[in-house]
*Asks:* 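Mind having a look at this structure? Questions to follow.
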Number of protein chains: 2
Amino acid sequence: MSLEPTIETDRLLDELQQLAAISDCPEPPPAVTRVVFTETDLKARAYLQGLYEDAGLTVRVDPIGNTFARWCPPSADADAPAVGTGSHCDAIPHAGMYDGTVGVLGGLEAIRALQREGFEPKRPIEVVMFTSEEPTRFGIGCSGSRAIAGVLSPEDLVKLTDDDGDDFDTVRQRAGFTGDLADVKLAEDHYHAWTELHIEQGPKLEKQNMPIGIVMGIAAPATFVFHVTGEGGHAGGVLMPERKDALCAAAEAIHSIEQFARSSPSPDLVATVGELDVFPGAVNSIPSKVRFTLDLRDTDADNRDQIAQAIHEDCNEMGLRRGVTITSETLNADPPAACDKAVIDAIEKACNDADLRWWKMVSRAYHDSLFMARLAPTGMIFIPCRDGVSHRPDEFSSPNEISAGVEVLALTLAELASS
Amino acid sequence: MSLEPTIETDRLLDELQQLAAISDCPEPPPAVTRVVFTETDLKARAYLQGLYEDAGLTVRVDPIGNTFARWCPPSADADAPAVGTGSHCDAIPHAGMYDGTVGVLGGLEAIRALQREGFEPKRPIEVVMFTSEEPTRFGIGCSGSRAIAGVLSPEDLVKLTDDDGDDFDTVRQRAGFTGDLADVKLAEDHYHAWTELHIEQGPKLEKQNMPIGIVMGIAAPATFVFHVTGEGGHAGGVLMPERKDALCAAAEAIHSIEQFARSSPSPDLVATVGELDVFPGAVNSIPSKVRFTLDLRDTDADNRDQIAQAIHEDCNEMGLRRGVTITSETLNADPPAACDKAVIDAIEKACNDADLRWWKMVSRAYHDSLFMARLAPTGMIFIPCRDGVSHRPDEFSSPNEISAGVEVLALTLAELASS
C-alpha cells in the first residue's frame with residue numbers, strides 16, 4: 001500500500017471555525033462555551049450531521065446522543081467489527097476551539113481523504129461524536145463513552161443531575177434524545193480497533209518540537225466533592241475566636257491540597273480545585289457552607305490514591321480543630337488505561353509512512369478513549385498545542401500541526417481497516 | 001408624664017410572621033430571603049403600606065423607595081423637625097426574620113402604642129423603612145440611608161450595578177420608583193432626633209442577661225473587593241510547578257486574612273470573606289480568575305485601617321511570589337459614628353421608666369443609623385438575640401425581649417417628641 005492521503009486543511013479549518021461560532025460564550029470565537037444538551041449543543045450536532053451526510057456517511061444517534069457516522073463502501077464487510085475514531089464537541093465555559101473538535105472534524109476529514117484516495121477498507125470505519133465528555137453539566141466527565149463501554153449503567157445515568165436539579169434522563173429527552181438507555185452500551189465486538197486524535201493539552205510535544213505524540217497510556221483521574229459545614233452569622237456580630245467559618249476552613253484545605261500536590265513523590269500528580277460555591281454568599285455574612293471539587297490525577301494510580309488519602313486525613317484533622325464538618329464524596333476514581341500494542345504499532349507505522357517524527361508519551365488529561373479502551377484495542381494520537389494551553393480561548397494548534405495529525409489518523413485508520 | 005404604653009406583642013409577632021412569609025427562600029420561615037427591588041421586596045412594601053394606613057399614618061415614598069410613615073396629630077407642629085425611627089426589611093439570602101424588621105414593625109407598634117395611650121406629641125413622629133440596608137444586590141450596604149444623608153450622591157448611586165450588570169437607576173425604575181435622585185437627600189433639619197431599635201446581632205446582652213443595650217457608637221466597617229488573575233488551563237495539562245492558579249492564591253489570601261484578624265491587637269476586629277466567585281468554575285479547569293469580598297470592621301478605626309493595609313501588602317507580596325495579579329478596590333471605608341448624648345439620655349430615662357435594666361455598648365454591626373447620625377442626633381436601642389446569631393434562619397429574639405425593646409422605643413420617641 002502506497003497511500004498518500006491529501007488533507008484539505010483549509011476546508012477543515014473552516015469547519016473548525018464554523019463549529020466554534022456555535023457557542024454560548026459572550027466573547028466571540030476562539031472563545032467557546034458549548035454545554036451538553038443546550039440549544040447550542042443541538043445546533044452543533046445539526047451542523048456535524050450535514051457534514052456527515054455530504055460525505056455519504058450513514059448516521060446513527062444513540063439514545064443519549066452519541067453520534068456514529070459510518071463509512072461502509074462495497075469493499076467493506078458490513079458485518080465485520082468496525083474501526084472507530086472520534087472525540088467530543090462539548091466545551092466547558094469560556095474554553096477554546098480545538099479540544100475534542102479536532103478529533104471529530106479531523107476524523108471526518110481523515111475518512112474523506114481516504115475516500116478521495118480511492119482507498120477500499122475491508123471493514124467499516126466510523127467517526128464518533130461522544131455526548132458530554134466535559135463534566136460541566138452533570139459533574140462527571142465522559143458520560144457518553146462511559147455508557148457506551150458499560151462503565152456507567154442506565155441506573156447510574158439517571159442518577160446524574162444538573163445544577164437545576166434536572167436528571168440526565170429528563171434533560172436528554174427534552175433535548176430530543178429518546179429510546180432505551182439500555183441500548184447505549186455497545187457489543188464487545190463492535191469495534192475491531194479504536195483511535196482518537198486530540199490536542200495534547202500539555203506542553204511536552206511543543207517543547208520537544210515533535211509533531212506527533214503516540215499515547216501509551218491514559219492517566220487515572222479521580223474527582224471528589226467536598227462539603228464544609230460551619231456556622232454562619234452576621235459579619236459584625238461574631239468575634240474571630242468564636243467563628244466556625246466554612247470558607248476559612250475551605251481556604252486552609254485548598255492551601256493544604258496545593259502543598260500535598262507540590263510535594264508529591266510523582267511529578268505527574270496534579271490537583272485542581274476548579275469549582276467552589278459559598279453559602280449564603282453575602283458580603284456581610286460569615287459563610288456557613290462551602291462546596292468545592294477536587295480533581296486529582298496521576299500516571300501512577302497508587303500515588304494518586306495515597307495523596308487522596310492524605311488529603312482526606314488532613315481535612316478531617318483540620319475540621320476537628322476548627323469545629324467544622326468536612327465530608328467528601330468520590331464522583332469517580334477510574335483506573336488508568338493502557339493503549340493496545342497493535343494500535344500503537346499502526347500509529348507508529350503511519351507516522352513513518354508520513355515521514356513525521358513521533359514521541360511516545362502518557363496522557364495526563366481525561367479522554368473518551370479511557371473508556372473506549374474497556375471495549376476495544378485503543379490508541380491515541382496527540383498533536384502539539386501552543387504553550388500547552390487548553391480549556392482557554394487562547395488554546396491553539398497550527399494548521400500544519402492539525403493537518404499532520406489528520407494525515408497520521410487517516411493512515412492509521414487505513415492500516416487498521418486493511419485486514 | 002406618667003406614660004405606660006402597652007405593647008400588643010401578639011399582634012406585632014403576627015405581623016413579623018406575615019412579613020417573614022414574604023420571602024424568596026426555598027425553605028419556609030423563619031428562613032427569609034428578600035432582596036431589594038425584587039417582586040418579593042415589592043410585596044413586603046405593599047404589606048407595610050397597608051399597616052401604616054391602618055394606623056392613620058401618612059406615607060411618603062422617596063425616589064429610591066425609602067418609605068416614611070408619618071404620625072402628625074393636631075398636637076404636633078407639622079413644620080417642626082420630626083422624631084424619626086426605623087430600620088430595614090431587606091434580608092440577605094437564607095437569613096432570619098428579625099434583623100431590621102423588628103425596627104420597622106416595632107417602630108410602627110411604638111407609634112400605635114402612643115396613639116392608644118392618647119399621647120400628644122409636639123412634633124411629628126416618623127417610622128422609616130430604608131431601601132437596601134443589605135449589600136446583597138448592589139455590593140454596598142445602607143444605600144438608602146447613605147443617599148438620605150447625602151453620603152451617596154445621585155452620581156454614585158447610578159454607578160452601582162447588580163450581578164446582571166443593571167445599574168441602580170434602571171433597577172429602581174423597573175421596580176416602579178421614579179422621580180429625581182437629587183430629591184432623596186433630606187434637609188439637615190428634617191429630624192430633631194433619630195433612634196433605631198435593632199436586635200444586637202452579637203452575644204453580649206444575652207451573656208450579661210440584659211434586656212436593653214444602649215448604643216454609644218457604631219463601629220467603622222470597610223468593604224473591599226479583591227480580583228485575583230492567574231492562568232487557567234486544563235486540569236490534566238499543566239504540572240504543579242507551572243501553575244498560576246487564581247483559587248490557590250485566593251485560598252492563601254483568605255487563610256492569611258484570618259491570621260491577621262485573629263492576631264489583631266484589638267479583639268473587636270473581625271474580618272469576613274463572604275463572597276467568592278471562581279472563573280471559569282469547571283471541575284477540570286484550573287481557575288484563571290477569582291473575585292472575593294472582604295468585610296473588615298472594628299470599634300477602633302485606626303486599627304482597622306492598619307490591618308487593611310497589612311492585608312493588602314501581604315496580598316501584593318503573595319501575588320508577586322505566585323505570578324498572579326491581585327488588585328483590590330475599596331467599596332466603602334466609613335468612619336465610625338458616635339451616638340448623641342441627648343438621645344442616649346432619653347433612652348436611659350425610658351429604660352428606667354419601664355423598669356428595665358440597660359447596658360451601654362458599642363455596635364459592631366453596620367446600621368442605617370451610622371448614616372442617619374450624619375443628619376441628626378442619633379441613638380440605637382439593642383435587644384438580645386439568642387446565641388448572638390444573626391443572618392441565619394435560627395436568628396431569634398423572644399416575644400418578651402421584642403416587647404421590652406418596643407416599650408423602650410415608644411417611651412424614647414415620646415420623650416424626644418415632648419419638646
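Within every chain, numbering begins at 1; the chains are lettered A, B, ... in the order of the sequence lines, protein sequences first and strands thereafter.
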*Asks:* Which one, B/A249, B/G202, B/G96, B/A282, leads in non-hydrogen pairs under 4.5 Å with chain A?
*Replies:*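 Sorted descending by pairs with chain A, the first entry is B/A282.
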*Asks:* So which residue, A/T293, A/L239, A/I254, ends up with the most heavy-atom pairs under 4.5 Å with chain B?
*Replies:*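 Counting heavy-atom pairs under 4.5 Å, the top option is A/L239.
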*Asks:* Please identify each residue that fulfils ring-ring contact (aromatic ring centres under 6.0 Å, His included) with A/F226, with sequence neighbours left out.
*Replies:*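 So A/F226 forms a ring-ring contact (aromatic ring centres under 6.0 Å, His included) with A/F292, A/H312.
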*Asks:* Just how far is it from atom OG of A/S285 to atom CD of B/E275, taken to the nearest 0.5 Å?
*Replies:*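 One gets 10.0 Å once the value is rounded to the nearest 0.5 Å.
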*Asks:* Between A/V270 and B/M240, which heavy-atom pair has the shortest distance, and what is it?
*Replies:*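 Looks like CA-SD, 3.8 Å.
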*Asks:* Is there a side-chain contact between B/N284 and A/T272 (heavy atoms, below 4.5 Å)?
*Replies:*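 Not touching, per the 4.5 Å side-chain cut-off.
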*Asks:* Return the minimal non-hydrogen interatomic distance between B/P287 and A/G274, and the atom names on each side.
*Replies:*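 Nearest pair, atom of B/P287 first, then A/G274: CG-CA, 4.1 Å.
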*Asks:* Which bit of A/V389 comes within less than 4.5 Å of chain B, counting heavy atoms only: side chain, backbone, both or neither?
*Replies:*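 Answer is neither: A/V389 stays 4.5 Å or more from chain B.
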*Asks:* Contact part of A/E242 toward chain B, heavy-atom cut-off under 4.5 Å: side chain, backbone, both or neither?
*Replies:*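 For A/E242, side-chain heavy atoms alone lie under 4.5 Å from chain B.
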*Asks:* So how far is it from A/H234 NE2 to B/D295 CG, rounded to the nearest 0.5 Å?
*Replies:*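 Taking NE2 in A/H234 and CG in B/D295, the distance rounds to 7.5 Å.
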*Asks:* Is B/D394 in contact with chain A via its backbone, its side chain, both, or neither, using a 4.5 Å heavy-atom distance?
*Replies:*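 Contact with chain A: none, neither part.
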*Asks:* Given a strict heavy-atom distance threshold of 4.5 Å, which part of A/L269 is in contact with chain B: side chain, backbone, both, or neither?
*Replies:*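 The backbone, not the side chain.
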*Asks:* Taking all non-hydrogen atoms of both residues, which atom of B/P203 and which atom of A/G237 are closest, and how far apart?
*Replies:*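 Closest approach of B/P203 to A/G237: CD-O, 3.7 Å.
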*Asks:* Which residues pass the ring-ring contact (aromatic ring centres under 6.0 Å, His included) test with A/H367, not counting sequence neighbours?
*Replies:*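 Listed in chain order: A/H198, A/F382.
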*Asks:* Which bit of A/T223 comes within less than 4.5 Å of chain B, counting heavy atoms only: side chain, backbone, both or neither?
*Replies:*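 The side chain, not the backbone.
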*Asks:* Could you tell me which residues in residues 255-267 of chain B have at least one non-hydrogen atom under 4.5 Å from a non-hydrogen atom of chain A, sorted by residue number?
*Replies:*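 Listed by number: B/H255, B/E258, B/A261, B/R262, B/P267.
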*Asks:* Residue by residue, scan residues 134-143 of chain B and write down, ordered by number, those that have a heavy-atom distance under 4.5 Å to chain A; if none do, write 'none'.
*Replies:*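 The stretch touches chain A at B/E134, B/P135.
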*Asks:* If we define contacts as heavy-atom pairs under 4.5 Å, which of B/P241, B/P93, B/G236 has the most with chain A?
*Replies:*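 So the answer, after comparing B/P241, B/P93, B/G236, is B/G236.
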*Asks:* Which one of B/L247, B/T33, B/V278 has the most heavy-atom pairs closer than 4.5 Å to chain A?
*Replies:*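 If we count pairs closer than 4.5 Å to chain A, B/L247 comes out on top.
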*Asks:* Quick one: what part of A/L276 sits under 4.5 Å from any heavy atom of chain B, side chain, backbone, both or neither?
*Replies:*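 Answer is both: backbone and side chain atoms of A/L276 are under 4.5 Å from chain B.
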*Asks:* Rounded to the nearest 0.5 Å, what separates atom NE2 in B/H391 from atom CD1 in A/I286?
*Replies:*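 Going from NE2 on B/H391 over to CD1 on A/I286, the span is 10.0 Å.
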*Asks:* For the interface with chain A, which of B/A246, B/P280, B/G281, B/A235 has the highest count of heavy-atom pairs at distances below 4.5 Å?
*Replies:*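 Heavy-atom pair counts peak at B/A235.
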*Asks:* Quick check for you: among B/E395, B/K204, B/E231, which has the greatest number of heavy-atom pairs under 4.5 Å with chain A?
*Replies:*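 The candidate making the most pairs under 4.5 Å is B/E231.
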*Asks:* Side chain, backbone, both or neither: which part of A/D277 has an atom under 4.5 Å from a heavy atom of chain B?
*Replies:*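 Neither the backbone nor the side chain of A/D277 comes within 4.5 Å of chain B.
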*Asks:* Would you check if the side chain of A/R392 reaches a backbone N or O of B/G232 as a donor-acceptor pair within less than 3.5 Å?
*Replies:*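 Present.
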